[in-house]
Amino acid sequence: MNKLAKVFVIAEHMGAMQELVSGAAQLGESTALVWAGDKGQAVGADTVYYLGELNNDRILEHYAPSIINLVKTEQPNLVLVESSRKGRLMAGTLAAALGTSVLADATEIIIDNGVVTKRMVYGGAALSSERSSAPTTVATVSPGVFETAAAGKAANLVEVPFVAPATSVKCRERKTKAGESVNLRAAKRIVAVGRGFTAPEELKLAEQLAAAIGAEVGCTRPIAEEEKWMDKARYIGVSGVMAKPELYIGIGISGQVQHMVGVSSARTIVAINSDKNALIFKQCDYGIVGDLKNVLPALLAQLGK
Amino acid sequence: MKIVACVKAVPEEQDIAIKSDKTLDLSKAELKVGQYDLNAVEAAVQLQEATGSEEPILVTVGSTKGLKNSKLQKAMLSRGAGALFGVADDSLDSIDAFATAKNLAAAISKIGGVELVICGEGSGDIYSQQVGPILGQLLGFANLNAVSRITLMGDKLEVERTLENEIEVLEVTLPAVLSVTTDINKARIPGLKEILAAGKKPTTLWGAADLEMTKEGNIEVISTLAPPETQRQQMVFEGDSEENIAQLLDNLRKVL
Ligand SMILES: Cc1cc2nc3c(=O)[nH]c(=O)nc-3n(C[C@H](O)[C@H](O)[C@H](O)COP(=O)(O)OP(=O)(O)OC[C@H]3O[C@@H](n4cnc5c(N)ncnc54)[C@H](O)[C@@H]3O)c2cc1C
Ligand SMILES: Nc1ncnc2c1ncn2[C@@H]1O[C@H](COP(=O)(O)O)[C@@H](O)[C@H]1O
């Protein structure tokens, strides 16, 4: 594959940073990491452009003008940005300052007469292949696109001068979220719950099934975002976790594309739903039409035997 | 405070058909308001209700044919906003986020005096979560996404952001562009009365003659194709009888 001359990485979390730095090395002759926060963590790229500390006085957003300045001066061919919330904001801000758009949520990146990415559109019903031929292309990259390489060399560190933002955003407080850590992307078996569950107590049934077969529990977006019964890290689909389990059991889930695309590569899909016309039955290997409040206890009882 | 909420008309996803060559057939899919833009409208309306200022204004960019649809206009205007401005041209159907944001910026500048722009988390079809961030930079406003709470504090806003591992509480000086999360509020469901009243609210569609329109982006879409389908067995048992459960379990055991 052709390589670009210069590829930059902007990331805020260690894991994504390592993935993107290794991706940058695949795509570019020279690589640079643009980093704020703990200086010691920034390794792997040929150059580290160090922005400064992260604290209440300086959140990542405050470094946007410095980053824009740096990118305009250095003119990398491609900037790979972590697809976190802050990464997305930075990507859009930077692209707009460069007069271009963002190749968003790339699940694949190749160099072919410009930068060509694939991404899901229409909630996962289709894959769109998009090309940017901007002098500097900005792309946000989905997790798992690049393998993390072995820990890299200590880089040449360049301190980036701070350019003060013109608008005023003051950070008053930063609280760590209580959220649990769960990696559904790596789960081999998933029991997922949807809106067919009408009270949080009912989730126990799904948890028991998961425990019985050694599965992780996942859910649909409304269970996490609207009901808030489960951590957001547990919702599966185009805007959540793209999982690749061997076995997926969807319970009380209608089977809309935005969710199902997150498990479409599962070897076996099992569905439990009270509506025999539910979309999920068209996409499952085994299904049972029934009320989850009856099916799950019965299933658990027979499993125990 | 003059507030704008940005809403996009998107095809009803249930009615998107896949042709034999894997391309999409959108011809049967009616346009509706993007699901996550309803939270943007609701956030704008709630702020207006809290301040007693004028009703928020909706801005949309899309094809003339699509935006002329009065059912769609009513769907947009029946949720508490006071007026709708559209940047309409048949070339604007599939432009990129940058071009969309340029057109939104042109409309917002033409409206004039806008202090707060609220965008949804992502559009219902493309969902790139980029139009808000790009728009904020183009307008030169304070620019934040992942906003899960907005509270008015004098002439400033207190804004909470829900990020992957942390919550940020920020003080934002206007003007600002805020992209809100889907859990910031529960969008209201309009009744018949609101839908009827929406038909009487002012709707203005601007064309290339009215403002500086950006008809092309710089990202080229090479193809949009449905992914290959996985064949599934679709062995579905009706009813939760002992036998059916046992059958299901037999099959399940094969893969455990
Ligand atoms: C841009 C965009 C992105 C999105 N991204 C995602 C995503 O990443 N992930 C995601 O999950 N969703 C996503 N969605 C939302 C998605 O469109 C659906 O709204 C959602 O997946 C539906 O969740 P559900 O199946 O839990 O609920 P519903 O669609 O309400 O289905 C509930 C099901 O439960 C069944 N049921 C009810 N009672 C019982 C019972 N007692 N026993 C058994 N079954 C019962 C019903 O028959 C029904 O089929 C997205 C939407 C948009 C617009
Ligand atoms: N064509 C459009 N017209 C008006 N607002 C839009 C349009 N496209 C995107 N937006 C706004 O920008 C947000 C993010 O869109 P996107 O970047 O396409 O995911 C949406 O939730 C809308 O609030």
Side-chain angles (χ1 to χ4, degrees), chain A residues 59 84-86 88-89 92-93 95-97 100-105 121-123 125-132 134 166-177 179 213 225-226 239 247 257 264 268-270 276 281-291 294-295 298-299 302-303, chain B residues 13 16 24 96-98 101 122 125-130 133-134 136-138 140-146 163-173 182-183 217-227 230 232-240 242 244-246 248-249 251-252 255-256:
Chain A
I59 58 170
S84 60
R85 308 281 186 326
K86 280 177 179 267
R88 289 201 165 94
L89 178 60
T93 305
T100 185
S101 199
V102 175
L103 289 170
D105 297 319
V121 291
Y122 298 107
L127 274 174
S128 206
S129 187
E130 303 178 329
R131 175 182 284 120
S132 156
T167 56
S168 162
V169 171
K170 279 199 197 112
C171 180
R172 292 245 215 80
E173 202 185 338
R174 294 187 302 161
K175 306 177 254 195
T176 311
K177 268 202 299 193
I213 62 170
E225 293 268 350
E226 282 160 42
S239 53
L247 171 66
V257 60
S264 60
T268 308
I269 293 185
V270 176
K276 75 172 196 306
F281 287 130
K282 299 221 158 48
Q283 308 164 67
C284 75
D285 295 291
Y286 309 107
I288 200 151
V289 182
D291 189 323
N294 303 330
V295 175
L299 194 59
Q302 291 200 21
L303 252 177
Chain B
E13 57 262 15
I16 298 178
L24 302 186
D96 66 23
F98 180 72
D125 51 357
I126 301 304
Y127 196 72
S128 62
Q129 298 163 267
Q130 283 300 335
I134 294 174
Q137 175 69 17
L138 289 178
F141 289 10
N143 190 12
L144 293 168
N145 65 347
L163 305 164
E164 284 76 15
N165 308 323
E166 58 178 4
I167 310 264
E168 271 178 5
V169 183
L170 308 156
E171 183 186 296
V172 180
T173 306
T182 58
D183 55 358
N218 44 24
I219 286 183
E220 171 204 355
V221 177
I222 305 168
S223 64
T224 300
L225 298 172
T230 319
R232 299 279 173 197
Q233 309 204 33
Q234 299 187 28
M235 192 187 289
V236 178
F237 307 101
E238 274 193 50
D240 51 26
E242 286 277 318
N244 281 351
I245 303 271
L248 180 72
L249 201 57
N251 285 305
L252 201 55
V255 294
L256 285 179

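Excluded from the calculations below are hydrogen atoms, water molecules and symmetry mates; all remaining heavy atoms, backbone and side chain alike, are included. In what follows, chains carry the letters A, B, and so on, assigned in the order in which the sequence lines appear, proteins first and then strands, with residues in each chain numbered from 1. Predicted model only: the values in this text are computed from it and were never measured.
- Remark: the backbone N or O of A/Val289 is not paired with any side-chain donor or acceptor of B/Glu238 at under 3.5 angstrom.
- Contacts with chain A were tallied for B/Thr224, B/Thr173, B/Ile245, B/Asp240; B/Ile245 has the most, counting heavy-atom pairs under 4.5 Å.
- B/Glu168 pairs with exactly one of A/Arg172, A/Arg174, A/Lys86 by the salt bridge (Lys or Arg N to Asp or Glu O under 4.0 Å) rule, that one being A/Lys86.
- Ranked by non-hydrogen atom pairs under 4.5 Å with chain B, the options A/Asp291, A/Leu127, A/Leu103, A/Ile59 are led by A/Leu127.
- With chain A as the partner, the residue from B/Leu24, B/Leu138, B/Asn165 showing the most heavy-atom pairs under 4.5 Å is B/Asn165.
- Interface remark: of the candidates B/Gln129, B/Glu13, B/Glu242, B/Gln129 forms the most heavy-atom pairs closer than 4.5 Å to chain A.
- Of the two parts of B/Leu144, the backbone and the side chain both hold a non-hydrogen atom closer than 4.5 Å to a non-hydrogen atom of chain A.
- In terms of heavy-atom pairs under 4.5 Å with chain B, the best-connected choice from A/Ile269, A/Asp105, A/Val270, A/Leu247 is A/Ile269.
- Counting heavy-atom pairs closer than 4.5 Å to chain B, the top-ranked of the candidates A/Ala298, A/Ala166, A/Ser128 is A/Ser128.
- For a residue to count as touching a neighbouring chain, one of its non-hydrogen atoms must lie under 4.5 Å from one of that chain's; by this rule B/Leu256 touches chain A with backbone and side chain alike.
- Counting heavy-atom pairs under 4.5 Å between each of A/Ser84, A/Gly290, A/Ser168, A/Ser239 and chain B puts A/Ser168 at the top.
- Heavy atoms of B/Ser223 lying under 4.5 Å from chain A belong to its backbone as well as its side chain.
- Remark: the backbone N or O of B/Pro133 is paired with a side-chain donor or acceptor of B/Asn143 at under 3.5 angstrom.
- Annotation: maximal heavy-atom pairing with chain A below 4.5 Å, among B/Leu252, B/Thr230, B/Leu249, B/Ile16, occurs at B/Leu249.
- Contact count versus chain A (heavy atoms, under 4.5 Å) is highest, among B/Gly140, B/Gly122, B/Gly136, B/Gly239, for B/Gly239.
- Side chain of A/Glu173 to backbone of B/Ile167: no donor-acceptor contact under 3.5 angstrom is found.
- Most heavy-atom pairs under 4.5 Å with chain A: of the set B/Val221, B/Leu225, B/Val255, this distinction falls to B/Leu225.
- Not one N or O on the side chain of A/Asp285 forms a donor-acceptor pair closer than 3.5 Å with the backbone of B/Arg232.
- The NZ atom of A/Lys175 sits 11.5 Å away from atom CD of B/Glu166, with the distance rounded to the nearest 0.5 Å.
- Checking side-chain atoms of B/Gln234 against main-chain N and O of A/Lys282 turns up a donor-acceptor pair under 3.5 Å.
- A/Lys177 places a side-chain N or O within donor-acceptor distance of the main-chain N or O of B/Leu163, the cut-off being under 3.5 Å.
- The distance from the CG atom of A/Asn294 to the CG atom of A/Leu299 is 12.0 Å, given to the nearest 0.5 Å.
- Of the two parts of B/Ala101, neither the backbone nor the side chain holds a non-hydrogen atom closer than 4.5 Å to a non-hydrogen atom of chain A.
- Atom OG of residue A/Ser264 and atom CD of residue A/Gln283 lie 9.0 Å apart, to the nearest 0.5 angstrom.
- Residue contact with chain A, scored on non-hydrogen atoms closer than 4.5 Å, involves the backbone and the side chain of B/Ile219 alike.
- Contact count against chain B (heavy-atom pairs under 4.5 Å) is highest for A/Thr100 among A/Val257, A/Val102, A/Thr100.
- No donor-acceptor pair under 3.5 Å is formed between the side chain of B/Gln233 and the backbone N or O of A/Tyr286.
- Most heavy-atom pairs under 4.5 Å with chain B: of the set A/Ala104, A/Ala134, A/Ala125, A/Ser132, this distinction falls to A/Ala125.
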